[in-house]
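Presented below is the structure to which this report refers.
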Amino acid sequence: MKHQTEFNLQTHFRKRIADNFNIQFYEVMIVGSSKFGFSPYKFTDFSLESDIDVVIFNEKLFEHYFDLVSEYQYLIKSQRIMLNGQQYKQYLKFIKYFIRGWMRPDLLPQNTTDFKEIKQEWDDFFKSISHSKSEVGNYIVKAGLFKNQKYAEKYYRSSIEEITKKLKSI
């Protein structure tokens with residue numbers, strides 16, 4: 001019975017996220033230590049200090065952000081937007097993930113209104129389902145958007161390979 005209740009709570013939680021982004025329920029997944037009970041990256045158990053990691057897969061949503069990032073790149077190229085050293089470094093970090101099919105709103109450059117609004121809306125929504133407002137516990141909820149499941153699988157496969165190498169060297 002306990003597992004059925006947990007399943008129902010997770011289902012409702014994922015549906016809330018899907019509804020917010022106007023996507024399908026199956027395009028939202030809970031991943032990481034909250035799913036497995038431990039973090040293979042940090043070698044720690046899931047605890048009260050942990051967060052709930054969510055992955056969203058949706059090509060249409062990703063394309064929306066891709067169009068904005070593409071336009072931003074053209075503004076940089078034409079020098080209508082100038083980046084200082086720190087902004088450029090942050091942008092490269094964002095692009096490093098983005099070209100692998102992963103949009104990380106926490107890394108979006110914050111020197112345009114569009115990007116500020118995207119980050120704020122993203123943060124506001126996930127704060128609204130964090131802590132005591134969440135069906136899955138009193139945790140911070142964080143999320144990223146992959147273009148599709150194939151890109152997420154590539155990312156996680158690469159991560160597993162890195163962890164395996166680390167473990168073999170111990």
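Keep in mind that what you see is a predicted model, and the values were worked out from it rather than measured.
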Is it true that a side-chain atom of S130 and a backbone atom of V141 form a donor plus acceptor pair closer than 3.5 Å?
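Yes, S130 side chain to V141 backbone: donor-acceptor pair under 3.5 Å.
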Check: S70 side chain, F66 main-chain N or O, donor-acceptor pair, under 3.5 Å:
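No.
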Applying ring-ring contact (aromatic ring centres under 6.0 Å, His included), can you list everything that pairs with [X], at least two apart in sequence or on another chain?
X	value
F25	none
Y91	Y72
F125	F21
Y65	none

How many angstroms lie between atom [atom1] of [X] and atom [atom2] of [Y], to the nearest 0.5 angstrom?
X	Y	atom1	atom2	answer
N111	Q87	CG	CD	4.5 Å
I160	K165	CD1	NZ	13.5 Å
Y156	I163	OH	CD1	10.5 Å
L61	N22	CG	CG	9.5 Å
I140	I129	CD1	CD1	12.5 Å

Would you mind writing out the side-chain donor-acceptor pairs for residues 93-101 within the sub-3.5 Å range, not counting sequence neighbours?
{"residue": "Y97", "atom": "OH", "partner": "R104", "partner atom": "NH1", "Å": "3.2"}
{"residue": "R100", "atom": "NE", "partner": "K96", "partner atom": "O", "Å": "3.0"}

Output all residues satisfying side-chain hydrogen bond (donor to acceptor under 3.5 Å, both in side chains) with Q90, sequence neighbours left out; order by chain, then residue number.
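Partners of Q90 by the side-chain hydrogen bond (donor to acceptor under 3.5 Å, both in side chains) criterion come out as none, since no residue qualifies.
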Mind checking what makes side-chain hydrogen bond (donor to acceptor under 3.5 Å, both in side chains) contact with E59, not counting sequence neighbours?
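Once residues adjacent in sequence are excluded, the partners of E59 under the side-chain hydrogen bond (donor to acceptor under 3.5 Å, both in side chains) criterion are N148.
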Search all heavy atoms of [X] against all heavy atoms of [Y] and return the closest pair with its distance.
X	Y	answer
A143	P105	O-CD, 4.3 Å
Q24	E27	N-OE1, 2.7 Å
D51	Y139	CA-CB, 4.4 Å

Salt bridge (Lys or Arg N to Asp or Glu O under 4.0 Å) partners of [range], not counting sequence neighbours, each pair once:
range	answer
residues 148-160	none
residues 14-25	K15-D19, R16-E135
residues 117-134	K119-D123
residues 69-89	none

Would you say that more than 12 heavy atoms from the other residues, nucleotides or ligands in this model lie under 6.0 Å from the NE2 of H64, or not?
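Enclosed: over 12 neighbouring heavy atoms sit under 6.0 Å from NE2 of H64.
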Side chain to side chain contact (heavy atoms under 4.5 Å, CB included) between Y155 and W102, worked out
CA-CA 9 Å; Y155 171 77; W102 185 6; 3.3 Å; yes
Salt bridge present between D53 and K142 (N-O < 4.0 angstrom):
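Looking at D53 and K142, the cut-off is not met.
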So do the side chains of L83 and I81 get within less than 4.5 Å of each other, counting heavy atoms only?
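Heavy-atom side-chain distance check passes, below 4.5 Å.
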Using a 4.5 Å cut-off on heavy atoms from C-beta on, say whether the side chain of I30 contacts that of Q10.
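In contact.
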L108 vs W122, test: side chain to side chain contact (heavy atoms under 4.5 Å, CB included). Steps then yes/no.
CA-CA 11 Å; L108 274 169; W122 189 275; over 6 Å; no
Of I17, N58, L145, which is the lone residue that meets side chain to side chain contact (heavy atoms under 4.5 Å, CB included) with I23?
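It is N58; the other options fail the test.
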Between F62 and M103, does the side chain to side chain contact (heavy atoms under 4.5 Å, CB included) criterion hold? Intermediate values first, please.
CA-CA 7 Å; F62 189 90; M103 204 285 282; 3.9 Å; yes
Excluding sequence neighbours, so at least two apart, what forms salt bridge (Lys or Arg N to Asp or Glu O under 4.0 Å) with D114?
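Residues passing salt bridge (Lys or Arg N to Asp or Glu O under 4.0 Å) with D114: none at all.
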Full working for side chain to side chain contact (heavy atoms under 4.5 Å, CB included) between T164 and K168:
CA-CA 6 Å; T164 303; K168 284 181 180 179; 3.8 Å; yes
